[in-house]
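As the structure is a computational prediction, the values presented were derived from the model and not from experiment. Lettering of chains follows the sequences in order, A, B, ..., and the numbering in each one begins at 1.
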Protein chains: 2
Amino acid sequence: MSHVISGRRPVSAATRARVEEVIHRLGYQADPSARGLRTQRTRTLGLVVPDLANPFNAELAVGMQEITLAHDYLTVVCEAPLGGPYLPAVLRQLVARRMDGIVLGRYGATRRDLDLITGSGTRLVRLGGPLEAGPGDVVRAAEVEGMRDLVRHLVKERGYRRIGFIGGEEGVEPGGERFQGYRDALAEAGLDIPDDLVVWTSFTRDGGRIGAARLLAATEPPDALVCANDLIAIGALDTLRERGVDVPGQVAITGYDNIEAASLVSPALTTVLNPAREIGRSAARILMQRLDDDDHGPAREVVLAHRVVTRESA
Amino acid sequence: MSHVISGRRPVSAATRARVEEVIHRLGYQADPSARGLRTQRTRTLGLVVPDLANPFNAELAVGMQEITLAHDYLTVVCEAPLGGPYLPAVLRQLVARRMDGIVLGRYGATRRDLDLITGSGTRLVRLGGPLEAGPGDVVRAAEVEGMRDLVRHLVKERGYRRIGFIGGEEGVEPGGERFQGYRDALAEAGLDIPDDLVVWTSFTRDGGRIGAARLLAATEPPDALVCANDLIAIGALDTLRERGVDVPGQVAITGYDNIEAASLVSPALTTVLNPAREIGRSAARILMQRLDDDDHGPAREVVLAHRVVTRESA
DNA sequence: CTGAAAGCGCTTACAG
DNA sequence: CTGAAAGCGCTTACAG
């Protein structure tokens, strides 16, 4: 029977059909523990994200499941909140569970955390950061290019000239890459990047509220506010609404990520779609290819395209 | 060594300490496949939800993980969208994977689906529906009481009198339970439930838009709109904003669930907190207790308290 | 080409 | 009380 399943030995078509009929009728499925013990493979991938309630991360999980289920692999999703001792503990759990591969969400993981994974033979895909910063493959979106295209749109299609930037925590990615894209687009258009129109706060709604208040106080106020993510943009909208500033009439606002809330607020946010589901799919595909082919070749980096989503706010 | 771990045989304190030191130093963890093969247990629970991007479902997953990780169990989250052949396929996967228990989200699962799970010996917790509707235990929030308290608040604290109701798809739970709570509260206050102020649409933002438009057309329009969930309420807000109706000045609006977006819209929604994380925790606790004690006692139902969240919209 | 046996790493029933 | 052995259900290397 196992030969019919594995296809390792020639079996006549008639026999194959008969065996398959019986397998189907009895609902037979090989016991995964027995199979795992023999093959030293669990056919299971782990995904670790800082916050599952963040729709971006939920979409990563859905994308991975889509691919893994079709290949008879399972995906296990774990949440390990930022700031705290959670990440090493969760990684140890997944390694102890003999995951075949782990996809590590956007984290400031230490080299030690990463080595814990790969040292045990578990395959790794990181969702961000430079390839050379650690072991494993990398899948990420084109953050620099995404922001560059968004700001280009503001300049060329909409004619904005004094464009401010509200960042998250300074130095936390992908904030830096997004700032880079903003700078590139302005430089390209020959526009100034006035120091008093750049502010770093946090990747939250409150950060956006504070940041917008600060930029509106500039001697020559901005006509557009580019925010490092959608939550910041939603907070900036709060501040402008409070002060009776018309969006986009007086000041335009843009976000980044295209989370669900981006279309729920009013005016709906112009933003950049971050292809979370596709990132999850790609990461799963890489891991399964590496596992199925026993591929230990050089690390790979997959960069996924973005897409500017135009709505009412800019 | 296994005796130290299992605690099944007396081992001297000194030996225990020495063994534990070595275990820790080598980072030894029993191979889960070997253990599973021997014990016929995978120490893994499955959670099946219709939509992982829905924060309610994401919170269920986080709550389960919280409990299971602490007990050396793992939780596997699977998405099986409503409407389509996904649910039976996903359940078959989880049963084939020998999950010890499955938590089934709010679904219209057929009796056949449920029997597929319990027939294989897998333990089941359903997140809704009457206990007698199928095998397994049930964990759910107090939906009737939640809506009753919310509407009581509208009547007693806020003085609204003509209170309309926008439901989701008629006959789909938990819509019926929420409608029941609305009726109870009105009856209690001696208020009419005018037929022309009750409308059934769908559990979406669009449903809310359409429902609100219909209720505003009533000969004697409502002074408050009670919506069956937050998305419907957000849609209703859209319609009122479009028509220049002041919320809550002219018409109050309430939601249900307290999803993240409820606090992001403007005015922020008064709603009822649906304790998703606690529901996930309870479901995991029940399953692990049933498994650890080999408990085949009568089915249990756990009902969790709700909480009214007062914001700007009512 | 194909049948029978070994062995993956545990847990636990059994013998001493 | 404790050591040694059986056996969980697979896959695959080996013998015939």
Side-chain angles (χ1 to χ4, degrees), chain A residues 1-20 22-46 68 71-74 92-101 119-123 288 291-294, chain B residues 1-44 46 68 71-74 92-101 119-123 288 291-294:
Chain A
M1 176 163 73
S2 66
H3 303 308
V4 172
I5 296 169
S6 67
R8 275 178 181 273
R9 282 187 187 179
V11 177
S12 79
T15 307
R16 171 175 300 276
R18 234 179 49 243
V19 171
E20 275 171 354
V22 173
I23 286 175
H24 185 79
R25 185 157 47 77
L26 299 180
Y28 171 83
Q29 305 264 154
D31 182 295
S33 291
R35 172 190 274 206
L37 179 58
R38 177 65 234 237
T39 61
Q40 301 294 344
R41 288 277 172 78
T42 55
R43 296 188 81 82
T44 306
L45 305 183
T68 53
H71 290 76
D72 195 30
Y73 275 70
L74 213 58
R92 229 173 293 127
Q93 261 278 349
L94 292 177
V95 167
R97 286 288 191 143
R98 311 286 198 275
M99 298 289 123
D100 292 335
S120 71
T122 305
R123 305 307 186 95
M288 293 195 314
L291 289 161
D292 289 344
D293 303 350
D294 196 27
Chain B
M1 176 163 73
S2 67
H3 303 308
V4 172
I5 296 170
S6 67
R8 274 177 180 275
R9 280 186 189 178
V11 178
S12 80
T15 308
R16 172 177 299 279
R18 233 180 49 244
V19 171
E20 276 171 353
E21 193 273 329
V22 174
I23 286 175
H24 184 79
R25 184 157 48 77
L26 299 180
Y28 171 83
Q29 306 263 153
D31 182 295
S33 290
R35 173 190 274 207
L37 179 58
R38 177 66 233 232
T39 61
Q40 301 296 343
R41 288 279 172 80
T42 55
R43 298 188 80 82
T44 307
T68 53
H71 290 75
D72 195 30
Y73 274 71
L74 213 58
R92 228 172 294 128
Q93 262 279 349
L94 292 177
V95 167
R97 285 288 191 146
R98 311 287 198 272
M99 299 288 122
D100 292 335
S120 71
T122 305
R123 305 307 186 97
M288 293 195 315
L291 289 162
D292 289 345
D293 303 350
D294 196 25

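Not counting sequence neighbours, the partners of B/R123 by the side chain to side chain contact (heavy atoms under 4.5 Å, CB included) test are B/L287, B/R290, B/L291, B/D294, B/H296. The side chain to side chain contact (heavy atoms under 4.5 Å, CB included) check on A/R98 picks up A/T42, B/Q29, B/D31, B/P32, with sequence neighbours excluded. Shown here are the side-chain hydrogen bond (donor to acceptor under 3.5 Å, both in side chains) partners of B/S120, two or more places apart in sequence or in another chain: B/T122. For the side chain to side chain contact (heavy atoms under 4.5 Å, CB included) test, residues two or more places apart in sequence or in another chain that qualify with A/T68 are A/L45, A/Q65, A/Y73, A/T75, A/A284, A/M288. With sequence neighbours left out, A/D292 forms a salt bridge (charged side-chain N to carboxylate O under 4.0 Å, His left out) with no residue at all. B/R97 pairs by the side-chain hydrogen bond (donor to acceptor under 3.5 Å, both in side chains) definition with A/T44, not counting sequence neighbours. For B/R38, there are no salt bridge (charged side-chain N to carboxylate O under 4.0 Å, His left out) partners two or more places apart in sequence or in a different chain.
Separating the P atom of C/dA13 from that of D/dC10 is a span of 22 Å, rounded to the nearest Å. When the P atom is compared between D/dG16 and C/dG7, the two are found 15 Å apart, to the nearest whole Å.
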Which dot-bracket notation, 5' to 3', represents the base pairing of DNA chain D when pairs are defined as Watson-Crick or G-U with both distances under 3.5 Å, crossing pairs as [ ], and inter-strand pairs as |?
|||.||||||||.|||

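Between B/R35 atom CZ and A/S33 atom OG the span is 11.0 Å, to the nearest 0.5 Å.
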For nucleotides 6-10 of chain C, list the nitrogen or oxygen atoms of the protein found under 3.5 Å from its nitrogen or oxygen atoms, one pair per line.
{"unit_1": "C/dC8", "atom_1": "O3'", "unit_2": "A/Q40", "atom_2": "NE2", "d": "3.0"}
{"unit_1": "C/dG9", "atom_1": "N2", "unit_2": "B/A34", "atom_2": "O", "d": "3.2"}
{"unit_1": "C/dC10", "atom_1": "OP1", "unit_2": "B/Y28", "atom_2": "OH", "d": "3.3"}
{"unit_1": "C/dC10", "atom_1": "O5'", "unit_2": "B/Y28", "atom_2": "OH", "d": "3.3"}
{"unit_1": "C/dC10", "atom_1": "O5'", "unit_2": "B/D31", "atom_2": "N", "d": "3.3"}

